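Step one of this worksheet: look at the structure below.
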Amino acid sequence: MQPLTSRGTLIAVCDGMGGAAAGDVASRIAVDVLSAVVHSKTPFPSTAVAQDVMQEAITAVNDKIRAAAVEDPARHGMGTTLTAALAFGPELLIGHVGDSRAYIRRGRSLTQITTDHSVVGQLIAAGRLRPDQARDYEHRNVLLQALGVQPRVGPEFDVVQLRAGDVLLLCSDGLTGPVTDEQILGLMLRYEDPLRCCRALTEAACAAGGPDNVTVAIARFSGEGLELPHGREEVAVHRVQLAV
């Protein structure tokens, strides 16, 4: 349990690519640089300041991964997704690049906060492909954005007003590929303890034949400083900046 103050609580999931070794290097760089930059800039007096810091951190991650790839030709083309949540007070700021995801479970509903920066994600957003069709789509793994791949990156930022009892889920596509949102919600409702729920989700992805790495992080928010949901209140997402 950790209090949500203006210093912020940072949670992130990174899914590396470019081969087993290079992908691991890229994701480790992302976590280390993101954490160092964000924690060096605390406290955060406003969401706008927090977003500026997150933008700075993501840019630094992108530059660092590209520099590391230049230093070692064996790591050419390495990159990583990044989905990071910064909670401070009643607000949750999410910075996102790639096809890992952030969800909020409020009551018995699960809402996907981020959009997938992939060919499939773009087709779904444009209404040209249904989510249930995406699992069998030929180019479902083609990313439009990842850190370390291009000189510049345009992260997506989303702000959520937290309510007491909200549960945050960050995960790689190793979970959302083989496991449906309905199955994810069912497991989140069954297992209240975050650690047990992470284990159950990971095991479900493996049991479903998931071929990719499965990374899951869960945080539950509670306390007198958070308002209770107003009836069956839906999660309101404010998109601060769209990915380019």
Side-chain angles (χ1 to χ4, degrees), residues 8-42 44 47-86 93-102 113-123 125 139-159 170-177 211-217 239-244:
T9 297
L10 180 66
I11 307 167
V13 163
C14 299
D15 186 13
M17 60 191 191
D24 181 67
V25 171
S27 59
R28 173 50 57 187
I29 289 173
V31 169
D32 290 346
V33 173
L34 176 75
S35 177
V37 173
V38 169
H39 288 139
S40 72
K41 301 291 185 176
T42 58
F44 304 107
T47 302
V49 171
Q51 184 193 339
D52 288 343
V53 171
M54 189 80 83
Q55 173 77 65
E56 178 184 343
I58 291 173
T59 300
V61 168
N62 194 59
D63 293 344
K64 182 70 173 180
I65 294 174
R66 287 178 60 80
V70 170
E71 293 172 1
D72 186 349
R75 296 172 180 169
H76 176 72
M78 73 176 178
T80 184
T81 70
L82 183 147
T83 302
L86 180 60
L93 172 68
I94 297 173
H96 168 67
V97 177
D99 64 351
S100 294
R101 292 181 181 177
I113 306 301
T114 54
T115 56
D116 294 346
H117 299 162
S118 63
V119 171
V120 164
Q122 190 174 61
L123 291 173
H139 305 295
R140 63 185 178 279
N141 295 323
V142 177
L143 291 179
L144 298 178
Q145 250 198 147
L147 292 175
V149 178
Q150 298 139 333
R152 299 181 64 183
V153 65
E156 168 190 311
F157 292 104
D158 300 295
V159 178
L170 303 182
C171 60
S172 67
D173 67 335
L175 174 67
T176 56
D212 205 353
N213 294 329
V214 185
T215 304
V216 180
R239 184 142 297 159
V240 183
Q241 176 181 331
L242 291 175
V244 298

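These figures come from a predicted structure and were not determined experimentally.
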Partners passing salt bridge (Lys or Arg N to Asp or Glu O under 4.0 Å) against D63 (at least two apart in sequence or in another chain)
none
How long is the gap from [atom1] on [X] to [atom2] on [Y], to the nearest 0.5 Å?
| X | Y | atom1 | atom2 | value |
| --- | --- | --- | --- | --- |
| N213 | D15 | CG | CG | 6.5 Å |
| H117 | L82 | NE2 | CG | 11.0 Å |
| D173 | R101 | CG | CZ | 8.5 Å |
| T47 | L93 | OG1 | CG | 7.0 Å |
| K41 | E56 | NZ | CD | 4.0 Å |
| L86 | Q51 | CG | CD | 11.5 Å |

Locate the shortest heavy-atom distance separating [X] from [Y]; write the atom from each residue and the value.
| X | Y | answer |
| --- | --- | --- |
| A57 | L34 | CB-CD1, 3.8 Å |
| I58 | P155 | CD1-CB, 3.8 Å |
| F44 | V49 | CD2-CG1, 4.5 Å |
| I11 | A217 | CG2-CB, 4.0 Å |
| V149 | R66 | O-NH1, 3.2 Å |
| R75 | A69 | O-CB, 3.6 Å |

Restricting to pairs with a member in residues 145-154, which pass salt bridge (charged side-chain N to carboxylate O under 4.0 Å, His left out), not counting sequence neighbours?
none
Partners passing side chain to side chain contact (heavy atoms under 4.5 Å, CB included) against [X] (at least two apart in sequence or in another chain):
| X | answer |
| --- | --- |
| T215 | V13, S172 |
| V33 | I29, V37, A60, V61, K64 |
| A85 | L92, I94, L168, L170 |
| V31 | C14, R28 |

Decide if atom NE2 of H76 counts as having more than 12 heavy atoms of other residues, nucleotides or ligands within a radius under 6.0 Å.
no
Is there a donor-acceptor pair closer than 3.5 Å between any side-chain N or O of [X] and the backbone N or O of [Y]?
| X | Y | value |
| --- | --- | --- |
| T80 | L147 | no |
| S35 | D32 | no |
| N62 | G148 | yes |
| H96 | T115 | yes |

Q145/T81 under side chain to side chain contact (heavy atoms under 4.5 Å, CB included): CA gap, chis, key distance, verdict
CA-CA 8 Å; Q145 250 198 147; T81 70; over 6 Å; no
Any side-chain donor-acceptor pair under 3.5 Å between S100 and T83?
no
